Protein chains: 2
Amino acid sequence: MKRDGVSRRRQELLDLSARLFAERGYGATTVRDIADEAGILSGSLYHHFPSKEAMVDEILSTFLDDLFSSYREIMARDLGARQKLEAVVVESFECIDKHHHAVAIFQNEAKHLAQSERFSYLNDRGQEFRALWRQILEEGVRSGAFRPHLDLDLVFRFIRDTVWVAVRWYRPGGPLSAQNVAAQYLDILLDGISSRRGRSRVANGMSPAVKEKQRA
Amino acid sequence: MKRDGVSRRRQELLDLSARLFAERGYGATTVRDIADEAGILSGSLYHHFPSKEAMVDEILSTFLDDLFSSYREIMARDLGARQKLEAVVVESFECIDKHHHAVAIFQNEAKHLAQSERFSYLNDRGQEFRALWRQILEEGVRSGAFRPHLDLDLVFRFIRDTVWVAVRWYRPGGPLSAQNVAAQYLDILLDGISSRRGRSRVANGMSPAVKEKQRA
DNA sequence: GTCTATAAAGGGATAGAC
DNA sequence: GTCTATCCCTTTATAGAC
């Protein structure tokens, strides 16, 4: 009983601060803002958490543990590269739906937080994320599911950023489900927006003005 | 002579603060940080600028004026939808190259800054940006350059976010030119990463597990 | 679990000398 | 164009009463 009561209040405060960190930014949210929102005074927060930093730490690591646990399950399944890609993208959008505030905080603050020792695990997760995606992409190119001659590092960054940046406009409970957005996103990523009759590789089809400017 | 001297120093301070705002975040950068970097004391900054807010305001509006001036030129040219799309994407990556710090600040801070009256022009620019992209996409669907039945609002957000978020990893003067990144990006956006033999619409080709979960 | 009260540090900005 | 000196406010965090 007592433990439930304690952790319930704790979790309430954590959810509430996650919302404020996501909406206003971690740095711009003061412990007084959090306390006001909870209807208590700022000093009382320190009964539950040792510091503001500890709060955002718990928010982020909870989200990341959940995400990577799901990713590892997918990678352990016996799927082709294309199916793995589809599954990971769907899982990512579902995670944006489920951990919306945490994902928003991660997107906005990870780069700065990761510079401090305490949040070095953010860099580790980034490495793990890259390895996972490279594996899927390389396997897909080998098997012929994806086009050859792709710059896989660029494709990786492209996919990573395009998926997660959706947290900026996606709204849980809104008109589009995570699965629907994932499907449309995969549609573009895999097949492009060009019509079949208009379809052509950019290297062949891009306007002369663009081609002239290329150097690399 | 005197005017040049004044504006040169002013511009130095503006460039330097843009770098710090981009690297550390606007809120996390203090006027003392800026002054330290410039080798002067914080009070001296107020000889050049009325406030810290005025500095970031000037950085952002300079960048946006330049960007939209280029966009308007492109839209005034007599191009097909696909060529317009290519030109606008290339121009955007060139702008990331040219105004790297300003774009980074815009990406990280615009959402929060736009809530204050002073930065309401950020919302106006966002509207203008959306109108421009919708025009290109609608024209392309009508002309048959782009696939029919696309959710154009989603495609717009997809393109907007994927282009600008590249500021997080793109480095001016690095191994990839803006034009090269633009070309690869357009390649994926227009034709996808799927190989020709593996190619199929997601609605038909997605794994059953994904289709089952869709609700909308 | 929350409050009162306050410490200690750091924030943006200003006035006037040089 | 910069410095000296400082104001006033807000910040995170703490100690101990209730």
Side-chain angles (χ1 to χ4, degrees), chain A residues 1-60 105 108-109 112-113 115-119, chain B residues 1-60 105 108-109 112-113 115-119:
Chain A
M1 295 298 156
K2 194 189 172 198
R3 282 197 55 190
D4 279 354
V6 169
S7 56
R8 185 162 27 242
R9 182 55 166 157
R10 219 185 112 85
Q11 195 55 47
E12 274 174 21
L13 294 170
L14 218 46
D15 292 345
L16 176 160
S17 61
R19 179 167 57 77
L20 294 183
F21 291 156
E23 282 171 5
R24 311 181 186 179
Y26 170 69
T29 304
T30 71
V31 291
R32 279 172 229 227
D33 291 335
I34 300 171
D36 283 354
E37 200 77 9
I40 58 178
L41 293 185
S42 65
S44 306
L45 280 176
Y46 292 84
H47 173 72
H48 303 276
F49 305 96
S51 68
K52 181 183 158 186
E53 212 178 35
M55 300 182 79
V56 75
D57 192 344
E58 191 166 335
I59 291 164
L60 290 177
I105 297 166
N108 294 330
E109 322 284 353
H112 301 124
L113 290 175
Q115 287 168 13
S116 93
E117 177 63 35
R118 170 168 207 161
F119 294 93
Chain B
M1 293 300 153
K2 194 191 170 194
R3 281 198 54 190
D4 280 355
V6 169
S7 56
R8 185 162 28 243
R9 183 53 167 157
R10 215 184 115 87
Q11 194 56 48
E12 275 176 21
L13 294 170
L14 218 44
D15 291 345
L16 177 159
S17 60
R19 179 167 56 76
L20 295 183
F21 291 155
E23 282 171 6
R24 310 180 187 180
Y26 171 69
T29 304
T30 71
V31 292
R32 287 176 174 88
D33 289 336
I34 300 170
D36 283 355
E37 200 76 10
I40 58 178
L41 293 184
S42 64
S44 306
L45 280 176
Y46 293 84
H47 173 74
H48 302 277
F49 306 96
S51 68
K52 182 183 158 187
E53 212 178 33
M55 300 183 79
V56 74
D57 192 345
E58 190 165 337
I59 291 164
L60 290 177
I105 297 166
N108 294 330
E109 322 283 352
H112 301 125
L113 290 175
Q115 286 166 14
S116 92
E117 178 62 35
R118 169 168 208 160
F119 294 93

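First the proteins, then the strands, lettered A, B, ... as listed; each starts at 1. None of these values were measured; they are calculated from a predicted model. Because only heavy atoms are used, hydrogens play no part in the values below, and waters and symmetry mates are left out as well, while side chains stay in.
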Inset, instruction - Please work out which residues in residues 15-39 of chain B have a non-hydrogen atom less than 4.0 Å from an atom of DNA chain D and list them by number. - result: none
Inset, instruction - Determine the contact category for A/L41: base if any of its heavy atoms lies under 4.0 Å from a base atom, sugar-phosphate if only primed atoms, P, OP1 or OP2 are that close, otherwise nothing. - result: base
What is the separation between atom [atom1] on [X] and atom [atom2] on [N], rounded to the nearest whole Å?
{"X": "B/K52", "N": "C/dG10", "atom1": "NZ", "atom2": "P", "answer": "16 Å"}
{"X": "B/R9", "N": "D/dG1", "atom1": "CZ", "atom2": "C1'", "answer": "8 Å"}
{"X": "B/R8", "N": "D/dG1", "atom1": "CZ", "atom2": "C1'", "answer": "14 Å"}
{"X": "B/D57", "N": "C/dG12", "atom1": "CG", "atom2": "C1'", "answer": "17 Å"}
{"X": "A/H48", "N": "C/dC3", "atom1": "NE2", "atom2": "C1'", "answer": "12 Å"}
{"X": "A/M55", "N": "D/dA13", "atom1": "CE", "atom2": "C1'", "answer": "14 Å"}
{"X": "B/F49", "N": "C/dT14", "atom1": "CZ", "atom2": "C1'", "answer": "18 Å"}
{"X": "A/I40", "N": "C/dG1", "atom1": "CD1", "atom2": "C1'", "answer": "8 Å"}

Do [X] and [Y] have side chains that approach each other closer than 4.5 Å (heavy atoms only, starting at C-beta)?
{"X": "B/T29", "Y": "B/S17", "answer": "no"}
{"X": "A/R9", "Y": "A/I40", "answer": "yes"}
{"X": "B/Y46", "Y": "B/V31", "answer": "yes"}

Legend entry - Step-by-step side chain to side chain contact (heavy atoms under 4.5 Å, CB included) determination, B/E58 to B/F49: CA-CA 10 Å; B/E58 190 165 337; B/F49 306 96; 4.2 Å; yes
Legend entry - Distance-minimising heavy-atom pair for B/L20 and B/I34: CD1-CA, 3.9 Å
Legend entry - Nearest heavy-atom neighbours spanning A/F21 and A/M55: CE1-CB, 4.4 Å
Determine: side-chain N/O of [X] to OP1/OP2 of [N], distance under 4.0 Å, yes or no.
{"X": "B/H47", "N": "D/dG1", "value": "yes"}
{"X": "A/S44", "N": "C/dC3", "value": "yes"}
{"X": "B/Y46", "N": "C/dT14", "value": "no"}
{"X": "A/R10", "N": "C/dG1", "value": "no"}

Inset, instruction - Hey, which sits more toward the 5' end of DNA chain C by its nearest nucleotide, A/S42 or B/P50? - result: A/S42
Inset, instruction - Give the intermediate values and the outcome of side chain to side chain contact (heavy atoms under 4.5 Å, CB included) for residues A/V56 and A/E109. - result: CA-CA 10 Å; A/V56 75; A/E109 322 284 353; 5.9 Å; no
